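Treat the numbers as computed from the prediction; the structure is a model and nothing was measured.
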Amino acid sequence: MGDVYGRVLRYAERHQMFSPGDAVVVAVSGGADSVALLHLLWRMAGRLGLRLHVGHLNHLLRGGQAEEDARFVAELAGFLGIPCTVGREDVAARAASARVGLEEAGREARYDFLRRLAAEVGARRIALGHTRDDQAETVLMRLLRGTGIEGLAGIPPVRGPIVRPLLTVGHAELEEYCREQGLTWRLDPYNFDPGYLRNRVRHRLLPCLEEVAGAGVRERLAELAEALRSDVEWLREVEEQTLARVATRRGDSVVLDAARLEALSPALRGRLVRRAVHMVKQPGRQLGLAHVQAVLDLLARRTPAGEGAPEVHLPGGVVAWVASDGLVIEPAVAERQSTGAGPVGGVTRRGKRERPVGYQYALPVPGFVEVPEAGLILHAHVLHDPAAQGAEPGRLARRAMLDYNKTGAQLLVRSWRPGDRFVPLGMESPKKLHDFFVDEKVPRVQRQRIPLVLSGDEIIWVVGYRIDHRYRVTPATRDILVLEASGMEDLEEERGA
């Protein structure tokens, strides 16, 4: 398997991960990868002039097992003579409060803990144990979700204070390294839970690809990420220069000059939209191509701003809308201050106010979209066998089956707007959605949260209630569009990067 120590050392030096005298917080979960990381850095500490400090966060999710993990890490650090800090956070409570999945809440809790610890001990670097296998999985997951060159560049070896020295070696090599060094490690049962997309990619998809294309699939995916990273770095330089000419900060908002933005190449326009979103708020997950295209489509339509004007809601609680002077990217709920100057950016201000609560997302087919306002993930896929429809379509609260040849693949998910109509299943004429909600005894305060799935301008599913009669599955249906709603805790996203 080669000299793991030498390869990791050369990789760290090539990417200038450390400087002599650096204090480094080493994130150790107790698994083989993080145990190997700690041991390798311990061996390198004298040569590189590093001062190490171990950090471990107990998520309080697995009771006694989690306590044993923390004890194991503390004992390993003590054996190596390295100081160790064990933190504890109720990740389940954090997930419930933020209305996100356990994986996302756990990831954010770990990063927050490690950053706090680095500040406390004066560490310039935080070392994480992501491997070449993690890199390959991340590239595949982003490819499946839909991404661009930056997404395919995968996990960066250095990002701010975060360094990942193990991206050059595989998980199996690190397990073998631990055995050679007489090191033991802990097993996390979550790493085998098929409910998470990463685990299905790791244990099902990658082995299948290796069976078809040979054992080097993981290495080639990781090499692809490495090759694209230099291109991404050059593009970022171009992006920085262009952003200075196109973007303007206004409080919590970023406004992109519409004329200048449209004069750019499509690729650069998309990058600037991504960058503007990150300037407003770091999304919980990377923006997909569908998100960016939805924002650019909004700009192309140039619908005037105002009550009922279209908006595109993005991961992380960010909204995009078109004002008179450009494309506005801002937090989904933002205070407006009165300037005494009348309309600003196409929105009338009368003292402090909030933008109307609403949302709009593109739903790829096949694919899924997160709707945090409703606490749901909407999934879409196509069945090409009408006999597979099973239960009566449109009557299931969290599942809808529709005629794909009528709906098409260009779907939109948004909140209720005044004047919305559809033809409820079993009826022949349109009905105002307001009247439908009244008949269904939907409380007024809940109506804005209920997602509507649209094909073009027509509502095809009031999620959790009824499909549109015109899009129902019939004996003439050739292909079936299956829409399903799942809870936020089922969000299956890349979490390790």
query: Would you find more than 12 non-hydrogen atoms of other residues, nucleotides or ligands less than 6.0 Å from Gln410 atom CD?
result: no
- prompt: Would you find a donor on one side and an acceptor on the other, under 3.5 Å apart, between the side chain of Ser415 and the backbone of Tyr359?
  reply: yes
field: Leu38 side, atom CG; Cys84 side, atom SG - distance, nearest 0.5 Å
entry: 9.0 Å
query: Among side-chain atoms of Arg198 and Thr138, is any donor-acceptor pair under 3.5 angstrom?
result: yes
Student check: side-chain heavy atoms of Ile480 and Val382 closer than 4.5 Å: no
- prompt: Is a donor on one side and an acceptor on the other found under 3.5 Å between the side chain of Arg51 and the backbone of Ala45?
  reply: no
query: Is the shortest heavy-atom distance from the side chain of Arg399 to the side chain of Val482 under 4.5 Å?
result: yes
field: Shortest non-hydrogen contact between Pro165 and Leu128, atoms and distance
entry: CD-O, 3.7 Å
field: Residue pair His53 / Thr85, side-chain donor-acceptor N/O under 3.5 Å
entry: yes
- prompt: Does Leu454 offer a backbone N or O that forms a donor-acceptor pair with the side chain of Trp461 under 3.5 Å?
  reply: no
Let me check something: any side-chain donor-acceptor pairs from residues 177-185 under 3.5 Å, sequence neighbours excluded? List them with distances.
| residue | atom | partner | partner atom | Å |
| --- | --- | --- | --- | --- |
| Tyr177 | OH | His39 | ND1 | 2.8 |
| Tyr177 | OH | Arg43 | NH1 | 3.1 |
| Arg179 | NH1 | Glu176 | OE1 | 3.4 |

query: How about His56 and Asp69: does a side-chain donor come under 3.5 Å of a side-chain acceptor?
result: no
message: Quick check: closest heavy atoms across Val35 and Gly30, and the distance to 0.1 Å?
response: CG2-O, 3.6 Å
message: Whether the side chain of Arg164 engages the backbone of Pro156 through a donor-acceptor N/O pair (distance < 3.5 Å, no angle test) should be reported.
response: yes
task: Quick one: pull up CZ in Arg71 and CG in Leu76 and give me the separation to the nearest 0.5 Å.
output: 14.5 Å
Any donor-acceptor pair under 3.5 Å from Ser34 side chain to Gly129 backbone: no
query: For residues Ser19 and Arg125, is any side-chain donor paired with an opposing acceptor at under 3.5 Å?
result: no
- prompt: Quick one: which of Val318, Leu296, Val295, Ile329 gives a side-chain contact (heavy atoms from CB on, under 4.5 Å) with Val312?
  reply: Val295
message: Quick check: do Val4 and Leu40 have side-chain heavy atoms less than 4.5 Å from each other?
response: yes
field: Lys/Arg N to Asp/Glu carboxylate O, Glu240 vs Arg275, below 4.0 Å
entry: yes
message: Main chain of Gly151, side chain of Arg142: is a donor-acceptor contact present, judged purely on distance under 3.5 Å?
response: yes
query: Taking the side chain as C-beta and beyond, is there a heavy-atom pair between Val277 and Met279 under 4.5 Å?
result: no
If you look only at distance, which donor and acceptor atoms sit under 3.5 Å apart when one is on a side chain in residues 113-123 and the other is two or more places apart or in another chain?
none

- prompt: How long is the gap from CG on Leu452 to CD1 on Ile460, to the nearest 0.5 Å?
  reply: 10.5 Å
query: Can you tell me how far the CE atom of Met17 sits from the CG atom of Leu48, to the nearest 0.5 Å?
result: 11.5 Å
Expected output: side-chain Arg14 to main-chain Leu9 donor-acceptor under 3.5 Å: no
field: Within-4.5 Å side-chain heavy-atom neighbours: Arg414 and Tyr361
entry: no
message: Check Arg274 with Glu239, please: is the shortest side-chain N to carboxylate O separation under 4.0 Å?
response: no
task: To the nearest 0.5 angstrom, please state how far the CE atom of Met44 sits from the CZ atom of Phe18.
output: 8.0 Å
- request: Show the numbers, then the answer: is there a side chain to side chain contact (heavy atoms under 4.5 Å, CB included) between His130 and Leu167?
  value: CA-CA 6 Å; His130 295 107; Leu167 287 179; 4.0 Å; yes
- request: Given side chain to side chain contact (heavy atoms under 4.5 Å, CB included), test Leu411 with Leu378 step by step and report yes or no.
  value: CA-CA 11 Å; Leu411 303 183; Leu378 290 178; over 6 Å; no
task: Taking the side chain as every heavy atom from C-beta outward, state whether Leu481 and Met401 have any atom pair closer than 4.5 Å.
output: no
query: Among Leu152, Asp133, Leu143, Leu140, whose side-chain contact (heavy atoms from CB on, under 4.5 Å) with Leu221 holds?
result: Leu140
message: Can you confirm whether Asp231 sits close enough to Trp234 that some side-chain heavy atom of one is under 4.5 Å from a side-chain heavy atom of the other?
response: no
task: Heavy atoms only: give me the nearest Pro364-Ala380 pair and the separation to one decimal.
output: O-CB, 3.8 Å
message: Using a strict threshold of under 4.0 Å (side-chain N to carboxylate O), is an ion pair present between Arg218 and Asp134?
response: no
query: Should the heavy atoms of other residues, nucleotides or ligands under 6.0 Å from CZ of Arg47 be counted, would the total exceed 12?
result: no
query: Which heavy-atom pair separates Trp42 from Ile82 by the least distance, and what is that distance?
result: CD1-CD1, 4.0 Å
query: How far apart are the C-alpha atoms of Val413 and Gln360, what are their side-chain angles, what is the distance that settles it, and do they pass the side chain to side chain contact (heavy atoms under 4.5 Å, CB included) test?
result: CA-CA 6 Å; Val413 179; Gln360 180 171 299; over 6 Å; no
message: Return the CG to CG distance between Leu402 and Leu425, rounded to the nearest 0.5 Å.
response: 9.5 Å
task: Find out whether Leu363 and Leu483 are in side-chain contact, i.e. whether some heavy atom of one side chain is under 4.5 Å from a heavy atom of the other.
output: yes
message: Using a 3.5 Å distance criterion without hydrogens, assess whether the side chain of Asp22 forms a donor-acceptor pair with backbone atoms of Val24.
response: no
- prompt: Looking at Leu60 and Asp90, what are the two nearest heavy atoms and their distance?
  reply: CD1-N, 3.8 Å
task: Please confirm whether the backbone N or O of Ile155 pairs with a side-chain atom of Gln135, one donor and one acceptor, at under 3.5 Å?
output: yes
- prompt: Is there a donor-acceptor contact under 3.5 Å from the side chain of Arg229 to the main chain of Ala153?
  reply: yes
field: Tyr111 six-ring centre to Arg107 NZ/CZ under 6.0 Å and within 45° of normal
entry: yes
field: Under the side-chain hydrogen bond (donor to acceptor under 3.5 Å, both in side chains) test, residues paired with Arg88 that sit two or more places apart
entry: Glu67
message: On a heavy-atom basis, which atom in Val292 and which in Gly270 lie closest, and how many Å separate them?
response: CG1-CA, 3.7 Å
message: Closer than 4.0 angstrom, basic N to acidic O: yes or no for Arg94 and Glu108?
response: no
- prompt: Would Leu174 and Val169 count as a side chain to side chain contact (heavy atoms under 4.5 Å, CB included) if you check the C-alpha gap in whole Å, the side-chain angles of each, and the deciding distance to 0.1 Å?
  reply: CA-CA 7 Å; Leu174 292 169; Val169 291; 3.7 Å; yes
- request: Run the numbers on Glu173 and Arg132 for salt bridge (charged side-chain N to carboxylate O under 4.0 Å, His left out), then give the verdict.
  value: CA-CA 10 Å; Glu173 293 176 288; Arg132 186 177 60 203; 3.1 Å; yes
